[in-house]
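Read through the structure below, which is laid out as structure tokens, and then see the notes.
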Amino acid sequence: MDQKIFMINELEFERMMKEAAKIGATTAIEKLGEEKARYKRELGKKKLHNTELLMRNYRVLKVHTDNSVFDAAHLNESAADILINMMSLKDDGMVVESIKRSAERTAIMMAHIDAMLDLFKRLCERSCNELQMRKYDVLYQLYIAGTNMTVKQLAEHYNISKESVYADKNSAIKQLSALLFGIDALK
């Protein structure tokens with residue numbers, strides 16, 4: 001194999017180095033943008049997942065709150081602090097246990113969840129849209145009502161498919177997530 005030697009002047013060398021640096025910086029910025037977009041997507045999925053997790057455990061957490069004794073004057077955390085902490089936990093069991101580990105945390109979270117559920121209900125009622133009200137009712141019947149209905153029972157009650165019940169539930173979870181996590185849930 002023949003080796004070739006190229007001679008370039010200092011000016012040409014500087015131009016090549018600047019071009020290489022520009023290409024490297026552009027590539028790094030593109031990769032950083034892709035990573036940031038991926039992170040936002042993952043965070044959004046995690047917020048939806050955690051909202052559904054809170055709803056699936058709503059009754060247990062409510063009973064825990066109703067049967068706990070604590071001094072409200074010693075509440076040191078906000079619902080936002082607890083929600084941020086939830087985002088760092090990977091295991092669903094750990095998320096629920098982290099909320100249940102103290103009566104105060106559970107009370108704070110349940111007060112926030114109840115306030116956002118009430119707001120969601122009022123927004124659905126004000127919409128005068130039957131579909132929006134059905135979405136709220138599906139969420140309520142699946143997770144909150146004292147005697148919950150199954151997906152099959154809800155499908156029969158509303159004369160819709162089970163797939164439509166799941167779609168209503170998922171849409172309601174997404175809307176509730178925006179209320180629970182604020183503007184960040186919309187990004």
Side-chain angles (χ1 to χ4, degrees), residues 36-66 68 70 72 75-151 154 157-158 160 163-187:
K36 189 175 179 181
R38 186 187 65 73
Y39 174 77
K40 281 185 175 183
R41 280 191 306 277
E42 292 301 316
L43 192 60
K45 288 178 186 176
K46 190 159 181 88
K47 288 175 182 177
L48 288 175
H49 175 79
N50 284 340
T51 300
E52 185 163 2
L53 183 64
L54 287 168
M55 290 297 92
R56 281 196 320 257
N57 289 280
Y58 180 87
R59 289 182 189 96
V60 171
L61 295 171
K62 193 72 169 166
V63 167
H64 185 286
T65 301
D66 292 345
S68 296
F70 67 95
L75 298 180
N76 297 325
E77 281 184 295
S78 69
D81 294 333
I82 298 167
L83 288 168
I84 289 168
N85 178 260
M86 280 178 64
M87 298 308 293
S88 67
L89 300 174
K90 303 224 183 296
D91 181 86
D92 289 353
M94 287 175 57
V95 171
V96 174
E97 286 307 312
S98 79
I99 294 169
K100 285 173 51 180
R101 81 169 179 240
S102 76
E104 293 89 355
R105 291 188 81 172
T106 307
I108 291 167
M109 277 308 300
M110 293 310 295
H112 181 62
I113 292 167
D114 286 342
M116 294 305 103
L117 282 167
D118 185 54
L119 177 59
F120 181 48
K121 179 182 180 182
R122 286 185 280 132
L123 290 170
C124 291
E125 289 170 345
R126 287 186 195 155
S127 75
C128 298
N129 180 318
E130 281 185 41
L131 179 58
Q132 274 302 111
M133 279 309 300
R134 187 178 80 197
K135 289 175 184 180
Y136 172 79
D137 192 53
V138 164
L139 186 76
Y140 182 83
Q141 294 300 332
L142 286 172
Y143 300 119
I144 301 162
T147 322
N148 64 315
M149 294 175 74
T150 65
V151 169
L154 285 165
H157 175 75
Y158 282 110
I160 58 175
E163 291 78 15
S164 292
V165 174
Y166 284 115
D168 286 352
K169 178 202 64 133
N170 291 339
S171 178
I173 291 287
K174 189 173 185 178
Q175 292 172 29
L176 182 60
S177 186
L179 296 173
L180 287 172
F181 289 96
I183 192 73
D184 289 338
L186 301 175
K187 294 179 181 176

Residues that [X] engages under side-chain hydrogen bond (donor to acceptor under 3.5 Å, both in side chains), provided they are two or more places apart:
X      : value
Arg126 : none
Tyr158 : Asp137
Ser127 : none
Tyr58  : Asp114

Can you tell me how far the OH atom of Tyr39 sits from the CD atom of Glu42, to the nearest 0.5 Å?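 It is 10.5 Å, given to the nearest 0.5 Å.
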
Could you grab the distance from atom CG of Leu176 to atom OH of Tyr136, nearest 0.5 Å is fine?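 Those atoms lie 9.5 Å apart.
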
Set of residues satisfying ring-ring contact (aromatic ring centres under 6.0 Å, His included) with respect to Tyr143, sequence neighbours excluded: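 Here no residue qualifies.
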
Where do [X] and [Y] come nearest, in terms of heavy atoms and distance?
X      : Y      : result
Leu139 : Met55  : CD1-CG, 4.1 Å
Ser171 : Lys135 : OG-NZ, 3.0 Å
His112 : Leu180 : NE2-O, 3.0 Å

Donor-acceptor pair, side chain of [X] and main chain of [Y], under 3.5 angstrom:
X     : Y      : value
Arg59 : Ala145 : yes
Thr65 : Leu61  : yes
Thr51 : Lys47  : yes

Tell me, please, which residues at least two apart from Arg122 pass salt bridge (Lys or Arg N to Asp or Glu O under 4.0 Å).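 Result, salt bridge (Lys or Arg N to Asp or Glu O under 4.0 Å) vs Arg122: Asp118.
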
NZ of Lys121: more than 12 outside heavy atoms within 6.0 angstrom?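 No, because the 6.0 Å sphere around NZ of Lys121 holds 12 heavy atoms or fewer from other groups.
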
